[in-house]
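Worksheet for the structure shown next.
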Amino acid sequence: MLEEIKQISLNVKEELTKINTLSELEGFRNKFLVKKGAIQKLFEQLKTVSADKKPIIGKELNSLSKFAEQQYNILKTKLENSKSATQSLDITLPGRHQYCGTYHPVRQVVEDIVAIFKSMGFDVAEGPQIEDSFHNFDALNFQADHPARDMQDTFFVKSNQNDNDILLRTHTSPVQIRVMQAQKPPIRCIMPGRVYRNEAINSRSLAEFHQVEGLYINKNVTFAELKATMIVFAKKMYGEDSKFRFRPSFFPFTEPSAEFDISCYLCKGHGCKICKNTGWLEIAGCGMVHPNVLKAGGIDVEKYMGYAFGFGIERVALLKTGIDDIRYLYENDVRMLKQF
Ligand code: DAH
C-alpha cells in the first residue's frame with residue numbers, strides 16, 4: 001500500500017504544477033480531497049491493513065493528506081487574490097481622457113492679430129475700460145451733438161452735466177489719445193481691448209465686445225502705407241488669395257476715412273445672408289488721423305501725421321471660425337469651445 005500512497009503523492013504534486021485557474025483548482029479538489037477522492041479512498045484501505053503496519057502507513061497517508069490540503073489552501077488564496085486584482089483593472093476599458101484647456105476663440109484671434117502686427121514692428125498698449133468723455137469723444141473730434149454721445153448708444157457711469165462724464169468706453173480709439181499723451185513720435189502701436197455699447201443683442205451685435213485699435217504716427221505718413229499695412233495684415237490673417245477693398249467712409253477722428261472689407265468667407269463673394277448679398281464683409285475702419293486728434297494728444301501737427309485703424313474682434317473671430325451667430329461666442333458651451 002505504501003507504493004500506492006507514493007503514486008498518489010506523485011500525482012498530487014504533478015497536478016499541482018498544472019493549476020492556473022480556480023476551476024482547475026476545483027478539479028484538483030474533486031480528484032483528491034473530497035469524500036470519494038483518491039486520498040479518502042486510501043484511508044478506507046487503511047482499515048484493512050494489519051495492525052503492525054498501520055502506524056507507518058498511517059503516518060505516510062496523513063502527511064500526504066495534510067500536504068494536499070495545505071497546497072490546495074495556498075493556491076486558493078493566491079488565485080482568488082489575483083482574480084480580484086484583474087477584476088479591478090480592466091485593461092480593455094478606454095483610457096481616461098485628460099482635457100486640456102484652450103484659448104477662447106476671441107482670445108485666439110486677439111493673439112493672432114497682435115502677433116501679426118508685432119511682426120510689422122507695432123508695440124502693444126492698453127487703456128482703461130471706464131473712460132471719461134474727453135478721451136472717448138472730445139479728444140477724438142466728436143462734435144457736442146454727435147449721436148454716439150447719446151444714452152441710447154453709450155453706457156454712462158456718472159454724468160457730470162456734460163462736463164467730462166464717466167462712461168464705459170464705446171471703442172478702443174480713446175487709447176490712441178492716451179498713447180499720444182504718453183509717448184513721443186514715432187509711435188507704432190496696437191491697442192486691443194473690451195468695449196461697450198448700449199445695443200440690442202442679436203446674431204450680429206452684442207453690448208460688450210472687443211476691438212483692436214492701431215496707430216502709426218511719424219513724419220510723412222501716407223494713405224498708401226495705411227493700405228499696405230491693412231492688406232499685409234489681412235493676407236496673413238485670411239490667406240493670400242482673400243480679396244479686399246477700401247470704401248470711402250466717415251469717422252470724426254480720421255480724414256480721409258475708409259472702411260476695409262474682405263470678400264465673404266461663406267459665399268466666396270457670390271452673395272449670401274451673412275454678407276447681406278453684397279459678397280463683402282466690413283472688418284475695419286481706418287483713415288489718416290485728424291489734425292484735431294493729434295492736437296488733443298499733444299502731437300505737433302506741423303511735423304507729424306499718422307494713420308489709425310480699428311477692428312471688431314468678434315467679427316474677425318466669426319470669419320475665422322465660420323460661426324454664424326456672434327452670441328455663440330459668449331454662451332460658453334464647452335462643446336462649442338472645445339472645437340477651437
Ligand atoms: N472707433 C471706430 C468704431 O468703433 C473704429 C475705427 C474707425 C477706429 C476708424 C479707427 C479708425 O482708428 O481710424 O467704430
Side-chain angles (χ1 to χ4, degrees), residues 110 113-114 117 120 122-129 131 133-143 146-150 152-155 167-181 187-199 204-218 221-231 233-234 244-262 281-294 296-297 299 304-316 326:
V110 175
I113 295 177
V114 167
F117 280 109
M120 293 196 265
F122 284 76
D123 294 327
V124 181
E126 275 178 33
Q129 293 178 30
E131 259 300 2
S133 54
F134 172 74
H135 288 88
N136 198 81
F137 295 127
D138 304 76
L140 289 163
N141 200 32
F142 279 81
Q143 298 306 306
H146 193 284
R149 292 176 184 258
D150 203 296
Q152 310 295 288
D153 293 303
T154 305
F155 291 115
L167 44 83
L168 297 182
R169 67 179 179 194
T170 57
H171 50 177
T172 42
S173 302
V175 192
Q176 286 189 32
I177 306 296
R178 293 189 176 272
V179 168
M180 286 186 231
Q181 287 171 335
I187 295 169
R188 199 197 298 258
C189 194
I190 54 162
M191 298 146 262
R194 191 179 286 243
V195 301
Y196 303 85
R197 274 187 213 169
N198 195 355
E199 274 191 82
R204 292 168 68 91
S205 56
L206 296 166
E208 197 184 324
F209 53 101
H210 295 78
Q211 291 185 333
V212 176
E213 193 79 13
L215 178 67
Y216 177 50
I217 295 177
N218 207 343
V221 179
T222 65
F223 198 91
E225 283 173 272
L226 167 61
K227 280 179 80 177
T229 308
M230 301 298 277
I231 289 171
F233 161 76
F244 315 103
R245 71 174 185 188
F246 290 86
R247 274 181 301 116
S249 186
F250 174 80
F251 301 102
F253 34 91
T254 43
E255 182 59 41
S257 306
E259 207 94 47
F260 183 54
D261 299 348
I262 179 172
L281 291 160
E282 292 168 19
I283 56 168
C286 58
M288 303 307 288
V289 183
H290 196 289
N292 288 350
V293 175
L294 292 172
I299 303 283
Y304 294 106
M305 56 210 298
Y307 64 69
F309 53 84
F311 287 91
I313 295 183
E314 279 76 3
R315 178 60 65 85
V316 181
I326 202 164

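Just follow the structure's listing: the first ligand is 1, and inside any ligand the first atom is 1. The figures here come from the full heavy-atom set of this structure, side chains too, leaving out hydrogens, waters and symmetry mates.
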Suppose I only count heavy atoms of [X] and a 4.0 Å limit; which atoms of ligand 1 are within that range?
X: A308; result: 12 (O), 13 (O)
X: Q211; result: 3 (C), 4 (O)
X: G287; result: 13 (O)
X: T254; result: 13 (O)
X: Q176; result: 12 (O)
X: G285; result: 7 (C), 9 (C), 11 (C)

Of D123, L215, V124, the one forming a side chain to side chain contact (heavy atoms under 4.5 Å, CB included) with M191 is L215

Among G214, S257, G310, S173, closest by heavy atom to atom 1 (N) of ligand 1 is S173

The option among R197, E259, E213, M288 carrying the non-hydrogen atom nearest to atom 14 (O) of ligand 1 is R197

- [ ] Taking only Lys NZ, Arg NE, NH1 and NH2, and the carboxylate oxygens of Asp or Glu, determine whether R315 and E282 approach each other closer than 4.0 Å.
- [x] no

Note: F253, heavy atoms under 4.0 Å from ligand 1, region reported as side chain

Can you confirm whether E126 is buried at CD, in the sense that more than 12 heavy atoms of other residues, nucleotides or ligands lie under 6.0 Å from that atom?
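Counting neighbours around CD of E126, 12 or fewer heavy atoms of other residues, nucleotides or ligands fall under 6.0 Å, so no.
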
Determine, stepwise, if the pair H171 / F253 fulfils ring-ring contact (aromatic ring centres under 6.0 Å, His included). CA-CA 12 Å; H171 50 177; F253 34 91; 5.7 Å; yes

| said: Test side-chain contact (heavy atoms from CB on, under 4.5 Å) on I326 and S205; report intermediate values, then the result. | reply: CA-CA 7 Å; I326 202 164; S205 56; 5.9 Å; no

- [ ] Indicate yes or no for a side-chain donor-acceptor contact from R197 to the backbone of T170 under 3.5 Å, with no hydrogens or angles considered.
- [x] yes

Determine whether the aromatic ring centres of F309 and F117 lie less than 6.0 Å apart. yes

